[in-house]
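Here the structure is laid out as structure tokens; the discussion comes afterwards.
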Amino acid sequence: MKYDYDIVIVGGGLVGLSLACALGGSGLRIAVVEPKAFPPAAGPSYDDRTLALAYGSRRIFASMGLWGAVEARGACAIKRIHISDRGRFGITRLDAADAGIAALGYVVEMPVLGAVLQEAVHQLDSVSLLCPATVNAIVLDREPATVLIERDGKSRTVSARLIVGADGGRSRVREAAGIGARVVDYDQTAVVTTVTPELAHNHVAYERFTASGPLALLPMRENRCAVVWSAHRSQVDTILGWDDQQFLQHLQERFGDRLGRFIKVGRRQGYPLSLTQVEQHVRARMVLIGNAAHTVHPVAGQGFNLGLRDVAVLSQVLVDATRAGEDIGDMQLLARYMRQRRRDTQAVTTFTDGLIRIFSSSFAPLALVRNLGLVVTDLLPPVKRALIRRTSGMSRRLPRLARGLPL
Ligand SMILES: Cc1cc2nc3c(=O)[nH]c(=O)nc-3n(C[C@H](O)[C@H](O)[C@H](O)COP(=O)(O)OP(=O)(O)OC[C@H]3O[C@@H](n4cnc5c(N)ncnc54)[C@H](O)[C@@H]3O)c2cc1C
């Protein structure tokens, strides 16, 4: 059978483009279908949204030959993490030195990562960018699997051995495959912005649990801090309605004065938060990755990191299969991928969801137990190391890219 491409990746977000880059030198012919036009690399802005990349994600990008470009454009190392429960006694401090690594993670502005991936993909002869293009239909139950796209006013059907759904939380590919999803609305919205504190952040990330949701401050370049303030949905209009001074005053009340006064704040944006668990990540000729396969609460900065580990494992499975002359759309092969990803996906989902449930409860005995948990973690180096391994993406059997090896 003839195919237009070996792989069609539906969705050219950070996860879809990462997969295209990872497979760039594999000899597989790839198309990326994305409705948005890729913007020219914009100059950095005070307001840019950030991602906390785990140490394991740095390794994956380094193996793909991209970390140097990310670092050159600006990545701020997280050397310590300070976790506290507002109004209570529990504190845990994690230090990169405890785990013998250079940094617990890195804060990178999303446009920086996007620009690095876009530039890399543009240089790959084996990758065709079909964008801006809308997807009008996806057919998975016939051979070959096809995607009907519309581009420049013209319709076109593209066929592939494998369709990858990297099209985010409301995945059209998932819907076309008839795969159900369990969605839990957290009734919280993350208000995201950037602030500049009076004192140096010294590469410390803060996670502060409050009754209405967690508040994170992540160190950025130029002594800015990314704020992710998860608040109950009913409070969000009020928070977004505050002027700069009011916002800074309320933030200061919640965060305290560890970083002195906050002296500048950027634009505020709200992101409604939910958990999505899908029934299946694979079907014959189809696989879901990134947010299309799982959406988690941003409390521990895990969502993209989990998606990047999907990329690291999937690219390895596909390259090995190609070398062995196997069909990359074969269900048994894809089930092999799924088995390798199940535990990590489940663990991150349970971990982030558990944190939200445990720390949002005002039930006194539970509050006492969680604060004792923070204190015990702070006092026991092996527990700290286990927590660091879990959140840094280094705790499981690692694919080659995450071990610093080429595909
Ligand atoms: C407030 C907040 C803070 C976060 N902080 C962190 C963090 O610190 N660290 C971390 O690891 N994660 C974090 N995350 C999670 C992270 O942002 C996501 O997990 C990640 O961006 C998902 O990337 P993706 O490419 O899978 O999906 P998306 O970013 O949703 O990209 C999907 C792409 O598919 C395209 N698309 C959509 N529909 C179609 C269609 N029908 N056809 C073709 N293409 C389509 C879209 O245009 C888009 O380009 C955070 C999330 C939130 C909400």
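One-based numbering, in listed order, for ligands and for the atoms of each. Values below: all heavy atoms of this structure, side chains included; hydrogens, waters and symmetry mates excluded.
A tilted orientation is assigned to the rings of W229 and F247, their planes being inclined by 30° to 60°. Aromatic ring orientation, W242 versus H250: parallel (interplanar angle below 30°, classes split at 30° and 60°). Note: Y206 and F255 have perpendicular aromatic rings, judged against thresholds of 30 and 60 degrees for the angle between ring planes.
In summary, the atoms of ligand 1 found under 4.0 Å from a heavy atom of V33, numbered by their order in the structure, are 43 (C), 44 (N). Proximity to R172 (heavy-atom distance under 4.0 Å) selects the following atoms of ligand 1: 41 (N). Less than 4.0 angstrom separates some heavy atom of A166 from each of these atoms of ligand 1: 32 (C), 33 (C), 34 (O). Heavy-atom contacts of V10 reach the following atoms of ligand 1: 42 (N), 43 (C) (cutoff under 4.0 Å).
With 3.5 Å as the limit, one finds a donor-acceptor pair spanning the side chains of H294 and D310. A donor-acceptor contact closer than 3.5 angstrom is absent between the side chains of R224 and T196. Side-chain contact of S159 with D4: a donor-acceptor pair under 3.5 Å is present, judged by distance alone.
The N/O atoms of A190, backbone and side chain alike, include none that comes under 3.5 Å of an N/O atom in ligand 1. Close N/O approach between A52 and ligand 1 is found [any backbone or side-chain N/O within under 3.5 Å]. Residue-to-ligand polar distances keep T50 apart from ligand 1: every N/O pair is separated by 3.5 Å or more.
Nearest-residue assignment for atom 2 (C) of ligand 1 (options R49, E175, Q269, M110; heavy-atom criterion): R49.
Heavy atoms from both the backbone and the side chain of V15 come within less than 4.0 Å of ligand 1.
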